[in-house]
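Computation of the quantities below employed the complete heavy-atom set of this structure, encompassing side-chain atoms and omitting hydrogens, waters and symmetry-equivalent molecules. What you see is a predicted model, and the numbers here were worked out from it, not measured in a lab. In this chain, numbering begins with 1 at the start of the sequence shown.
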Amino acid sequence: MRTAGLIVAAGRGTRFGGAIPKQYRDLGAETILGRPARALLALPELDSLTIVIHPDDREVLRAYFVDIA
């Protein structure tokens, strides 16, 4: 049996305000999206992780995961 993680983070976060979507904003020492991603990636039984994002955020996400992977 395989175990997959899924994070849905495709929103724009406009009600939150700011220049970038909410999920890429800092929350302490990590981004809002980084917290669940790091937690899931730490699970030894996790076989894959899919993060659903807005198409305009591809480069932002790539840059972030170079740092934590």
Side-chain angles (χ1 to χ4, degrees):
M1 184 163 120
R2 297 179 49 88
T3 303
L6 175 66
I7 299 173
V8 180
R12 303 315 294 152
T14 54
R15 290 181 294 165
F16 193 76
I20 61 173
K22 174 176 58 180
Q23 59 270 36
Y24 305 111
R25 303 278 297 271
D26 288 336
L27 181 63
E30 197 161 25
T31 64
I32 292 171
L33 175 58
R35 288 174 176 254
R38 188 176 299 280
L40 286 170
L41 290 170
L43 295 172
E45 62 272 15
L46 187 74
D47 295 307
S48 66
L49 175 61
T50 300
I51 302 175
V52 180
I53 60 166
H54 190 279
D56 292 346
D57 296 343
R58 286 184 181 141
E59 292 307 315
V60 175
L61 189 69
R62 277 192 190 108
Y64 176 74
F65 274 100
V66 166
D67 293 337
I68 71 163

Novice: Of the non-hydrogen atoms in Val60 and Tyr24, which two are nearest, and what is the gap between them?
Specialist: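 Closest pair (atom of Val60, atom of Tyr24, distance): CG1-CD2, 3.6 Å.
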Novice: Okay, side chain of Arg38, backbone of Glu30: is any donor-acceptor separation there less than 3.5 Å?
Specialist: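 The answer is no, because no donor-acceptor pair under 3.5 Å joins these two groups.
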Novice: Restricting to side chain to side chain contact (heavy atoms under 4.5 Å, CB included), what partner residues turn up for Ile7, sequence neighbours left out?
Specialist: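 Applying side chain to side chain contact (heavy atoms under 4.5 Å, CB included) to Ile7 gives Ala9, Leu33, Pro36, Ala37, Leu40, Leu49, Ile51.
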Novice: Has Asp47 got a side-chain atom pairing as donor or acceptor with Thr3's backbone, closer than 3.5 angstrom?
Specialist: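 Pair found, side chain donor or acceptor close to backbone of Thr3.
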Novice: Give the minimum heavy-atom separation between Gly11 and Pro21, together with the two atoms involved.
Specialist: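 Closest approach of Gly11 to Pro21: O-CB, 4.1 Å.
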Novice: Is the shortest side-chain heavy-atom distance between Arg12 and Asp57 below 4.5 Å?
Specialist: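 Yes; the side chains approach each other to less than 4.5 Å.
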Novice: Applying a strict under-4.5 Å side-chain criterion to I, L, V, M, F, W and Y, I'd like to know whether Ile32 and Leu41 cluster together.
Specialist: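 No, because Ile32 and Leu41 fall into different hydrophobic clusters, even though each may have its own neighbours under 4.5 Å.
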